[in-house]
Amino acid sequence: MSKNNAGQFNELATLYEDTAHWPFRKEIEIPSVLQAIGDVEGLSVLDFGCGTGMYSRWLKQRGAGRVVGYDPTKGMLNYARRRAEKESPGISFVTRLSPDLIGQFDLVLAVHVLQYASSGPELQDMCADMVGLLRPDGRLLTLPIHPSYDPRRSYYERYGLRLSADDLQKPYVDGGGVRIRLCKNGKQGSVFAAYWSAASLERALGQAGLRSLKWRELDAPECAALGQAPKELHAYLQKPHSIIIEGVRARDPQ
Amino acid sequence: MKFFPFRSDASHAFCSGVSQKLSDMDEHEWDALVSDDNFYNSYRWLRGLEHSLGATDVLSVHGSAGLVAACTLWEGDQSPGMFFLQDCMAGVRGPWQEGFLWLGGRRNTHNEIPCIQGRRRHQALAELGRCALEYAQQRGYAGFVMPYMPYQAAVEFADAIGGAVVLHSAQASLEVPDTGLAGMMASWRAHDRNQTKSEIAAFRRMGSRVEWGVPDELDDSVAADLITQNRSRYGGMQDREWVQGILAGQRKSGVSYFGAAAVSKRDEDMTALAIFYRFGATLHLRYFGANYSLDLNDYRYFVLCYYEPLNYAAANGLTKLRLSTSALRAKVNRGAKIEPQALVVKCADEQQICHSEAKRHNHRMLREYQDKFPGHLSRDWELVGSQQNPTN
């Protein structure tokens, strides 16, 4: 992630942490991610773009062994450190990926990260960084902007989220700008992101050495059927703004 | 949960305000602004003071996404000592006998403004300074000060608010080697190594041992008694009840969760204790207490405050030991570096402080420390030297 892209998060730590309580994350994204991750007992985990460290804390609390949170934004990491030392001690948070982390992890989690690659080469570098941290057969789970997200800026507003494509006529162009805004209880913040198509994401992850790619739609795991999810979440579930991509680091990267 | 309509992009300005107590603020939001070294401005430390000594006003600056800068307020001490403005400003002319507003936690010996990182940090500090001056003027103070700031943090704050930087103290700290005391001793001259070995040997010869625990397990009245004995010996005015109240406040605020207590014992008698706090990668020494009715020449102060914590820090992944502002010679002799500490002052009447005089004062203090502690000064002193050049 470029310095400019990282810097835009410096003031957003508390607002970002708050989003964990917003229904679209609390009822849909977070349980979907934790379900996809499964048992982490004893696993070494790197939370790539950890932000406030919420997933790092939860994974540590669920029994993960070594947990490292990486985020280049100092404002986010301050929040992560301060909160983790009270609630989940033993997580190390870093602002850069040092060579000794390469190939060390069973699981790399990268939630809402790939959209902050602002160019094709940057996307490729980011994927290479993520996959390079994995041991052979280690798993990557990442959540980019959904390639089929709804580009109408009002669509997600009821969830406290607004995604607006720079070019409403051509919202699905690789590298196209997307402004993401968060708004709750009078607090708001916005960041600039980029759209990446399914083909570009698969290509970048594949070139980085990830195999057995799977796409998982977000759902509401607590509900037996999507129709049983709370009514106010139906619109989100029909067009979630994010999606899980999962894959395994090949033993012999091509 | 309530979702408000999105506002326009123009709403990015800061707004500032005053709260009457810290509990009006969210703990995690506050602590997100607190760096590893700034433990004494962390939420739980300040809440501990509030429980013990009563609430004070809090200045806060908010951006559209939440808190961007904040600090607690107090009035300093009204009698000579470490928190008496005329003593802090000795050697610099100014209206220091008048009332000034003090920024930071009460009786803090390390202060930085809790503030966001990034491109709007300077603006956030400036807004906090503007708000502090307005608060001070409305209440008849001659201005405001923030004491005991690391020099770089002081320069940054003064630059943002148009204040002056006045060196007034210094703080000792140790970089903790991975191998703890052994690693530290390996970097020393033979004389210093031998001295440490003989002090530790004397401690053991007297039948003393060290036990580590958490402050919550200590009997506050016993701990307060030992701490008060030490403070009285060096001119401290607070009595045992005062110290006990402080420890009770810490227990209530939860800051003792970060605590670690090194206790020296002979048989089952507690002969001394040192209380530390872990925060980020740093171990902060805050209290030492001893039973001086036992005439032991067993170096328990050095064992508890320097030697043992180096091993404790290394074993717990901590990389820095902060040793506060007193007894600098003894600390330097045991491997500590000395860091400059400055007070930032902003007078309501700009004419009342002469910036060039403050710089001359800082230069004198730099020379004094260079003469007293050659080879033991941190790199921040180079910055002090570079700031003395009138062209800077």
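So that the names make sense, note that chain A is the first sequence line, chain B the second, and so on, each numbered from 1.
The main-chain N or O of A/Gln188 is found under 3.5 Å from a side-chain atom of B/Ser64 such that the two form a donor-acceptor pair. Checking side-chain atoms of A/Glu85 against main-chain N and O of B/Gly280 turns up a donor-acceptor pair under 3.5 Å.
B/Ala65 and A/Leu12 get closest at one heavy-atom pair: CB-CD2, 3.6 Å. A/Asn78 and B/Leu33 make their closest contact through ND2-C, 4.2 Å (heavy atoms, listed as atom of the first residue, atom of the second, distance). Across all non-hydrogen atoms, the minimal contact from B/Ile116 to A/Asn10 is CG2-O, 4.3 Å.
Proximity of A/Thr14 to B/His28: side-chain heavy atoms (C-beta onward) are nowhere separated by under 4.5 Å. Contact of the A/Arg82 side chain with the B/Phe279 side chain is registered, since non-hydrogen atoms from C-beta on lie closer than 4.5 Å. By the 4.5 Å heavy-atom criterion applied to side chains, B/Gln117 and A/Glu11 are not counted as neighbours.
Of the charged side-chain nitrogens involved, at least one lies within less than 4.0 Å of a carboxylate oxygen, so that A/Lys187 and B/Glu29 count as a salt-bridged pair. For B/Asp31 and A/Arg81, the salt-bridge test fails: no basic side-chain N is under 4.0 Å from an acidic carboxylate O.
Per-residue counts of heavy-atom pairs under 4.5 Å with chain B were compared for A/Met76, A/Glu17, A/Lys86, A/Lys74; the largest is that of A/Lys86.
B/Leu67 does not touch chain A: none of its heavy atoms, backbone or side chain, sits under 4.5 Å away. Using a 4.5 Å cut-off between heavy atoms, B/Arg278 does not touch chain A at all.
In this structure, A/Lys239 places its NZ atom where more than 12 heavy-atom neighbours from other residues, nucleotides or ligands lie under 6.0 Å away. Crowding of A/Arg152 atom CZ: a count of heavy atoms from other residues, nucleotides or ligands under 6.0 Å not exceeding 12. Within a 6.0 Å sphere centred on CG of B/Asp178, other residues, nucleotides and ligands contribute 12 heavy atoms or fewer.
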